[in-house]
Protein chains: 2
Amino acid sequence: MTQNVYKHHDHHSCVDSALNKARRLCEESGQRLTPVRQRVLEMVWANHKPVGAYDLLPKLAEEGFNSAPPTVYRALDFLLDLGLIHRISSLNAFIGCNHPGEAHPSCFFVCRECGRAQELDSRLMGSLASKAEEELGIKVEQQMTELMGLCPICQKEAS
Amino acid sequence: MTQNVYKHHDHHSCVDSALNKARRLCEESGQRLTPVRQRVLEMVWANHKPVGAYDLLPKLAEEGFNSAPPTVYRALDFLLDLGLIHRISSLNAFIGCNHPGEAHPSCFFVCRECGRAQELDSRLMGSLASKAEEELGIKVEQQMTELMGLCPICQKEAS
DNA sequence: AAACTTTAGGTTATAATATAACAATATTGT
DNA sequence: ACAATATTGTTATATTATAACCTAAAGTTT
Ligand SMILES: [Zn+2]
Ligand SMILES: [Zn+2]
Ligand SMILES: [Zn+2]
Ligand SMILES: [Zn+2]
């Protein structure tokens, strides 16, 4: 179940699954997966590398979509709100979510060499939040964790 | 020892301690805490709210320092490299480190109302990293965690 | 269907954050 | 004093993101 993007896998099924979940979530919430939104989601899922908003603009232009920043940011904001993608703050980039629909913190490892990002089990983040809430009297509403380093593939190539 | 920035405290001692540690770390590493670097560090420590690079520019200008973006970014990069400050990616802002000199992940809670940030014990992040390294074969080199929510003070004011 | 309301997209401009490149100056070591 | 290195000054530009206002499309009510 917990996939590993650094292993060979049928990536078509990653994309299919993401699109199916997106359609379902849109239906459930009475929102519309318009062409530009769907296409942006597909582009984010083109591979497992976080993609910047401005990388998407020329691709949308190629396909005849309007391509001004607000267009792509609106689509990305829509997908973020629905939990279909996450934002990797340290990269100013966006990546598909592995299990949209289940509220959870953004928790990723990103390889500094190849750029591929792996979503991690975020349950440990829950403990961190609970502990902080208890000790400091704070109320945690959102959280994100980003790890950086070398993936198994790039470790091998380094040696 | 683990301070709580949401409680009343002698903030002068926060700043003094930060400066003393900075001087020590610079000496140990043979680097220079030049006037602009020290002043930027002091400004970052003015309160416990993460500060943006462009907020610092006019303040430096007031004091007669050169105030072009490269000046402040160089100072911030210097302080980051020495571990004297952390960057809060989700805010594009910088905050003083509570225990510089001891290598550790950046781990903060930020109140969405008052903006004050509390550095958290990052040891739990270590477990997350170890687990991910074991399960995925990755090598984690850096990590950051950012929590958002309401601090105790702002919770009270909300009710 | 017509009129109305709501949602989404188009367009232009600009804000906010960050870095490149190169020249000038200050500091350190010999 | 001299050379080597580190730091700062300066100008320009790259990158990321949003504001504001208008138009079009889709859903809703009558
Ligand atoms: Zn895949
Ligand atoms: Zn996710
Ligand atoms: Zn303080
Ligand atoms: Zn710290």
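Keep in mind the model is a prediction, meaning the values are calculated, not measured. Letters A, B, ... are given to chains in the order of the sequence lines, protein chains preceding strands, and every chain is numbered from 1.
- Look at A/Y73 and you won't find any side-chain N or O under 4.0 angstrom from OP1 or OP2 of D/dT18.
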Checklist line | Criterion ring-ring contact (aromatic ring centres under 6.0 Å, His included) on B/H86 and B/F108, from CA distance to verdict | finding: CA-CA 9 Å; B/H86 292 281; B/F108 282 85; 5.3 Å; yes
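- A/E134 CD: 12 or fewer foreign heavy atoms inside a 6.0 Å radius.
- Residue-level contact check: B/N66 touches the bases, meaning some heavy atom is under 4.0 Å from a base atom.
- The 5' end of DNA chain C is approached more closely, in terms of each residue's nearest nucleotide, by A/A68 than by the other of B/D55 and A/A68.
- With centroids closer than 5.5 Å and planes inclined by less than 30 degrees as the test, A/Y54 and the base of D/dT16 pass as a stacked pair.
- Ring planes of B/H11 and B/W45: tilted class, angle from 30 to 60°.
- Straight-line distance from the CG atom of B/L60 to the P atom of D/dT7: 17 Å, rounded to whole Å.
- In this structure, the CD atom of A/Q31 is 11 Å from the P atom of C/dG9, given to the nearest Å.
- Straight-line distance from the CG atom of B/L57 to the P atom of C/dA16: 13 Å, rounded to whole Å.
- Under the 4.5 Å side-chain criterion, counting only non-hydrogen atoms from C-beta, A/C14 is in contact with A/H48.
- Put simply, CZ on B/F65 is 14 Å from C1' on D/dT7, counting in whole angstrom units.
- Shortest non-hydrogen contact noted between B/A93 and B/P50 is CB-CB, 3.6 Å.
- Regarding A/L76, its CG atom lies at a distance of 15 Å from the C1' atom of C/dA8, rounded to whole Å.
- As rounded to whole Å, 13 Å separates atom C1' of D/dT18 from atom CZ of A/R87.
- With distances taken from any side-chain atom of A/R37 to the nucleotides D/dT10, D/dT16, C/dA8, the minimum falls on C/dA8.
- Atom CG in A/L56 sits roughly 14 Å away from atom C1' in D/dT15 (whole-Å rounding).
- For a distance-only test at 3.5 Å, the side chain of B/R74 qualifies as a donor-acceptor partner of the base of D/dG9.
- Remark: A/N92 is in phosphate contact with D/dA17, judged by side-chain N or O atoms under 4.0 Å from OP1 or OP2.
- As rounded to whole Å, 13 Å separates atom P of C/dA18 from atom CG of A/L91.
- Toward the 5′ end of DNA chain D lies the nearest nucleotide of B/S67, the other residue of the pair A/R32 and B/S67 mapping further downstream.
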